[in-house]
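Report on one structure; see the data block that follows.
Computed from a predicted model, the values in this text were never measured in an experiment. In what follows, chains carry the letters A, B, and so on, assigned in the order in which the sequence lines appear, proteins first and then strands, with residues in each chain numbered from 1.
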Protein chains: 2
Amino acid sequence: MSAATLFRTRGYHGVGLADLLADANAPKGSLYHHFPNGKSDLALAAATWASDEMLRLIAASFDGADSFEDGATTLCYKLAKLFDLTGWDTCPIAATLFEGPDNTLFRDHAEHIYEGWIAEVHDHAARLGLSEEAAHAKAEHLFILIQGGWSLARARRSSDILRGLIKRNDT
Amino acid sequence: MSAATLFRTRGYHGVGLADLLADANAPKGSLYHHFPNGKSDLALAAATWASDEMLRLIAASFDGADSFEDGATTLCYKLAKLFDLTGWDTCPIAATLFEGPDNTLFRDHAEHIYEGWIAEVHDHAARLGLSEEAAHAKAEHLFILIQGGWSLARARRSSDILRGLIKRNDT
DNA sequence: TCGCGAATAGACCGATTGGTCTAGAGACTT
DNA sequence: AAGTCTCTAGACCAATCGGTCTATTCGCGA
């Protein structure tokens, strides 16, 4: 979805319908046929799409991992590479969902997506032998590290911090 | 500055000049007298103002602290209280600066502000006896934890995570 | 009391915003 | 071949956007 990129790089209110449509080579009519509620529907869909990509990234990182730290580290490295490729823009969810017009709906969706990421990490942690409690704590902690690290990386326009996220003190 | 609040809660593109002016009870003329470049100047100023508030918060947290962990913990608690008061909106810098029109200028300002926060924490860490290297690492790490924790708190509309940020694993 | 610069006040502007609506193209069934 | 859907295409709209401009008021030194 090209819309997802637009939303991610410029934020919900930062993109106009005109840009969205031009970028997707689609006229207004098509948009409002597929997304009756227009821009907001599109934003929700773009966020879900971005979230699925992230879930795949998590799975790919943990699938061949021997330990939780192992998987977490390769996830950080993958994200660093992604950061370099896309050119330091925000977490797609935050950019797309935390500004929307219908706050309740958007916030619910954002929370659901974030919890989905944490749950995915949690499952891998549990599979790798961690206790339920430890898995929960580590998954949440990893989310925080990545989210915060990404902010700093963005401000510095450098993915370096992302790569040192795990080592520093054993997750 | 009331403008800072608006920018924080709705993002740079989310607020219109009309809202800004109505909220500040000032007409267009005054704005463009004090801020020749209009909205963007205002945003920069609002960000600086918000940053100063944060610096004060950091100083207040570490001033009476016996150890780094001590100061860091009270900072997290202060932020949690702030979170509850303001009603879960973004980091003011991110909301205001990471969407602006003149990207280079805005990004430079954002980086400068963030580094200022880290430097402030760093100084307190050094004062409390940490080595230069340790102080740097801990300051950076605390920034990441807070930034990431705040994101999660926002998604969950609950300040709980912020309070557990330090304890979990000794910073 | 006058004069002058700083600041306020808001009418006004073209461009752009998100959204609606009508017309027609395309594909599929019968 | 006719009829009936889904979907595309874009003209069009009121509202709002950020910004400019002129007129007026305010504060203060002379």
Rounded to whole angstroms, how far apart are [atom1] on [X] and [atom2] on [N]?
X     : N      : atom1 : atom2 : value
A:L20 : C:dT17 : CG    : P     : 11 Å
A:L42 : C:dT17 : CG    : C1'   : 16 Å
B:L6  : D:dG18 : CG    : P     : 11 Å
A:L21 : D:dC12 : CG    : P     : 18 Å
B:F35 : D:dT20 : CZ    : P     : 15 Å
A:E99 : C:dT17 : CD    : P     : 16 Å
B:L17 : C:dC13 : CG    : P     : 18 Å
A:Y12 : C:dT17 : OH    : P     : 13 Å

Short side-chain donor-acceptor distance under 3.5 Å, [Y] and [X]:
X      : Y      : result
A:H136 : A:E132 : no
A:H124 : A:S61  : no
A:S159 : A:D84  : yes

Which atom pairs, one a donor and one an acceptor, fall under 3.5 Å between side chains of residues 28-36 of chain A and the rest of the protein, sequence neighbours left out?
none

Seminar exercise, completed: Protein heavy-atom contacts under 4.0 Å, written 5' to 3' over nucleotides 6-12 of chain C as B (base), S (sugar-phosphate only) or - (none), form the string SBBBB--
Exercise. Taking the side chain of A:Y32 as heavy atoms from C-beta outward, which of D:dT20, C:dG18, C:dT17 is closest to it?
Worked result: C:dG18
Seminar exercise, completed: Assign each of A:P36 and A:D19 the nucleotide of DNA chain C bearing its closest heavy atom; nearer the 5' end lies the nucleotide of A:D19
Exercise. With a 4.5 Å limit on heavy-atom distance, are the side chains of A:Q147 and A:C91 in contact?
Worked result: yes
Problem set entry | Which residues share a side chain to side chain contact (heavy atoms under 4.5 Å, CB included) with A:A43, sequence neighbours left out | A:F7, A:Y12, A:T96, A:F106
